[in-house]
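No hydrogens, no waters, no symmetry mates; every other heavy atom, side chains included, goes into these values. Sequence positions, counted from 1, serve as the residue numbers for this chain.
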Amino acid sequence: MRIRAFAPQDWAQVWPIISEVVRAQDTFAYDPAMSADEAYATWVEVPSGRTVVAVDGTRVHGTAKMGPNRPGPGSHVSTASFMVAADARGRGVGTALCRDALDWARRQGYAGMQFNAVVETNRAAVEVYLREGFTVIGTVPGAFRHPTRGRVGLHVMYHEF
């Protein structure tokens with residue numbers, strides 16, 4: 001598997017991944033009714049940001065987007081988001097995407113990477129982030145409506161470079 005820059009022709013494989021993840025409503029606070037056009041505008045970053053795909057041959061197994069966490073005085077800290085196809089989970093795709101984002105952010109000169117809203121019940125993602133050097137700065141209790149667990153917390157996580 002390799003990670004490369006997103007190209008417009010990748011959208012045919014990226015959109016089903018995003019659609020599946022968002023409609024599950026258990027890891028991302030995106031509108032589950034979002035259209036493909038809305039998702040494209042949300043997911044595909046413009047410079048200085050970056051969007052990538054994790055591919056094996058011609059198949060896209062996951063995608064990530066990254067860039068500054070906030071504009072202006074907050075632009076020295078990066079952020080990133082990751083989505084992995086259901087049938088590719090547990091095979092290191094998310095870890096590879098996270099490492100790629102961290103490497104990119106360091107090369108760009110960011111001071112660190114912040115995740116603003118990691119669903120606390122998304123144990124696989126939380127474990128990857130902790131392994132890669134993030135810490136949970138705090139948890140906003142009940143800030144996410146999980147479809148089966150009710151209101152659960154959202155972690156703010158940070159990795160200082």
Side-chain angles (χ1 to χ4, degrees), residues 6 14-46 48-54 61-106 108 110-161:
F6 169 86
V14 171
W15 166 237
I17 294 169
I18 292 174
S19 178
E20 172 185 54
V21 168
V22 171
R23 284 188 172 78
Q25 299 181 57
D26 59 358
T27 57
F28 270 79
Y30 287 178
D31 181 354
M34 74 187 323
S35 69
D37 289 341
E38 292 167 327
Y40 191 97
T42 299
W43 195 257
V44 178
E45 292 286 326
V46 297
S48 67
R50 176 176 176 241
T51 304
V52 298
V53 290
H61 291 284
T63 182
K65 68 180 217 150
M66 59 210 77
N69 187 50
R70 296 283 181 240
S75 64
H76 62 288
V77 174
S78 63
T79 192
S81 297
F82 314 97
M83 292 192 189
V84 176
D87 64 351
R89 294 180 191 147
R91 296 176 23 208
V93 176
T95 298
L97 288 166
C98 184
R99 288 176 180 166
D100 178 80
L102 287 166
D103 290 345
W104 173 84
R106 285 185 185 101
Q108 298 303 307
Y110 286 101
M113 184 172 282
Q114 177 178 325
F115 298 151
N116 302 312
V118 180
V119 178
E120 69 181 346
T121 56
N122 187 357
R123 292 305 311 156
V126 171
E127 289 172 15
V128 166
Y129 305 152
L130 291 172
R131 253 192 338 261
E132 295 304 317
F134 286 84
T135 57
V136 176
I137 301 302
T139 304
V140 182
F144 185 85
R145 286 189 315 263
H146 192 282
T148 60
R149 297 181 183 187
R151 291 185 179 175
V152 300
L154 284 177
H155 292 321
V156 175
M157 300 184 78
Y158 187 67
H159 188 316
E160 187 170 8
F161 300 153

Show the nearest heavy-atom pair for residues [X] and [Y], with the distance to one decimal.
X    : Y    : value
A24  : P147 : O-CG, 3.4 Å
Y110 : V77  : CD2-C, 3.6 Å
T42  : E45  : O-OE2, 4.4 Å
C98  : F134 : SG-CE1, 4.1 Å
A105 : S78  : CB-OG, 3.5 Å
A39  : M34  : CA-CE, 3.6 Å

side-chain contact (heavy atoms from CB on, under 4.5 Å) partner of E120, chosen from V126, V140, T139, L154: T139
Sub-4.5 Å side-chain heavy-atom contact between R50 and D100: yes
Student check: side-chain heavy atoms of M83 and V22 closer than 4.5 Å: yes
If you measure from [atom1] on [X] to [atom2] on [Y], what distance do you get to the nearest 0.5 Å?
X    : Y    : atom1 : atom2 : value
E38  : I18  : CD    : CD1   : 12.5 Å
E127 : N122 : CD    : CG    : 9.5 Å
H146 : T121 : NE2   : OG1   : 4.0 Å
F144 : Q25  : CZ    : CD    : 7.5 Å
S35  : Y40  : OG    : OH    : 13.5 Å
I17  : D87  : CD1   : CG    : 8.5 Å

With no hydrogens and no angle check, is any side-chain donor or acceptor of [X] less than 3.5 Å from a backbone partner on [Y]?
X   : Y    : value
R89 : V84  : yes
T51 : W43  : yes
T79 : Q114 : yes
S19 : W15  : no

Worked check of side-chain contact (heavy atoms from CB on, under 4.5 Å) between D26 and R149: CA-CA 9 Å; D26 59 358; R149 297 181 183 187; over 6 Å; no
Plane angle bin for Y129 and F82 - parallel if under 30°, tilted between 30 and 60°, otherwise perpendicular: tilted
Other residues, nucleotides, ligands: >12 heavy atoms within 6.0 Å of R145 CZ: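 No, CZ of R145 has 12 or fewer neighbouring heavy atoms, counting only those of other groups under 6.0 Å.
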Criterion side-chain contact (heavy atoms from CB on, under 4.5 Å) on H61 and L97, from CA distance to verdict: CA-CA 10 Å; H61 291 284; L97 288 166; over 6 Å; no
Audit row: M157, L130, side-chain contact (heavy atoms from CB on, under 4.5 Å) steps and yes/no: CA-CA 9 Å; M157 300 184 78; L130 291 172; 3.9 Å; yes
Steps toward side-chain contact (heavy atoms from CB on, under 4.5 Å) verdict (F161, M113): CA-CA 8 Å; F161 300 153; M113 184 172 282; 4.1 Å; yes
